[in-house]
Amino acid sequence: MTRQTPSVVRTRFAPSPTGFLHLGGARTALFSWAYARHHRGVFVLRIEDTDVERSSQQAVDAIIDSMAWLGMQPDEGPFYQMQRMDRYRAVLAGMLQAGTAYHCYCSPEEVEAMREAARARGDKPRYDGTWRPEPGKVLPPIPEGRKPVIRFKNPQGGATAWNDLIKGPISFDNTELDDLIIARPDGTPTYNFCVVVDDMDMRITHVLRGDDHVNNTPRQINILRALGATLPEYGHVPMILGPDGQKLSKRHGAVNVMEYDKQGYLPEAMVNYLARLGWSHGDDELFTREQLVQWFDADHLSKSASQWDPKKLNWVNAHYIRQMPETELAERVAPRIAARGGNPQAVDLPAALALLKDRAETLEQLADGAMLFCAPYQSASAELAEQHLTPAAREVLAAFAAQAQNTEWTKEGIAALIKTVLAERGLKMPQLAIPLRVAVTGRAQTPAVDAVLALLGKQAVLARLEAI
Ligand code: GLU
């Protein structure tokens, strides 16, 4: 399906800063970001902070940090709704003047009574239009001392419809939508109204957001029309489910994006994985950020909910670890080694990571593995020593140490030396390799022993052999 794209695409991410950026929000942001980038458009960040009780600067910072980590810098913003109150008030005043909004003096109790009455009749609970001005209608007297709310004069007949970029045609009968409160008695604008004014002022052309907002869309469209604004296109992204088919939540593991940084996931992998949750490009599972931008369009956004799959995320992360240059990997792993009390400079870290990276799914696993080289040496436990450093084994180790003096200390040199020692004694590989590991690293299992010894350096290896 081809759609006409306006000359400059403008998308926005509009989080409510009530906590960290969760996976669902990050994916919505990613889709909006990728859509803007694909069309060489503009990506706007708007902070919807009108719920003053629940909003915090700390949450704003956390959201911005998470977006930066994922590489989704906004081109404009952050704009804060709380800083736009004057603008909302001005638009409200204009609507009152134009007759597209009106004061309603019903008390909350009266509105509740109307709803109750509608329910009793078997109708949908709704405001009954008492204060809605109509030609020739006489409005009730204004109750003394009561502050009015402002209601939007919603069209009464027909339907409000749009062709959703993801879900296809959606239509609501206008009778389903009563006259929405757009300002409270104290004059503060309500949620849907702020969104509308912002989308209009920020000239948003494409709204991609969670499908929990589908019910807001017809109301927002009607208000935009009343304001004479150009309508954006809307695309409502289905939610992410946990592996058990329930809405993804803490029960399924971490939902805070930054928790994945802590756990050793690469932002490259997160972006790749998140993009595939609800979007596809043929059978491609692995793609770069550039490919995502090049390929991302609304036609391949999925109508159905997607499922969080930690195993697949690990697989994607392992891929990015494997294909990352070791020097870059070293930069990312070094702080994690330091956090474990290790010294990342104790070894040629890129070389050590080259040895470890094929088996690692996360940076944390890599750091654990690298501690073999970066932690202070700890000799084998008495148990391991007893099992593997038998008198026979010690004799072989001594022979190895003696010949090591004249060996060129490379992986190949060490491999040749091991072979020689084994051949001289008619032994099999494990009869030297395991005691060597235990004596030199304190562990019975390590990556290839020749490579490990090469990285540790001849001096350290001989000192440790000496000390057993
Ligand atoms: N602030 C809303 C939210 O966090 C998003 C509103 C929108 O995208 O229109 O769910």
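Order of appearance sets the numbers: ligands from 1, and atoms from 1 within every ligand.
- Using a 4.0 Å cut-off between heavy atoms, Y191 contacts ligand 1 through its side chain alone, with no backbone atom that close.
- The closest protein non-hydrogen atom to atom 5 (C) of ligand 1 is A14 O, 3.2 Å.
- Those atoms of ligand 1 with a heavy atom of H213 less than 4.0 angstrom away are 2 (C), 3 (C), 5 (C), 6 (C), 10 (O).
- Using the six-membered ring where Trp is involved, H281 and W295 have ring planes that are parallel, under 30° apart on the 30 and 60° scheme.
- Checked against a 6.0 Å centroid threshold, the rings of F296 and F31 count as neighbours.
- At a threshold of 4.0 Å, the pair R84-D201 counts as salt-bridged, since one of the basic side-chain nitrogens sits closer than that to a carboxylate oxygen.
- Ring pair H206/H39 is parallel by interplanar angle, where below 30° counts as parallel and above 60° as perpendicular.
- Of the listed options Q220, R12, E48, R12 places a heavy atom closest to atom 8 (O) of ligand 1.
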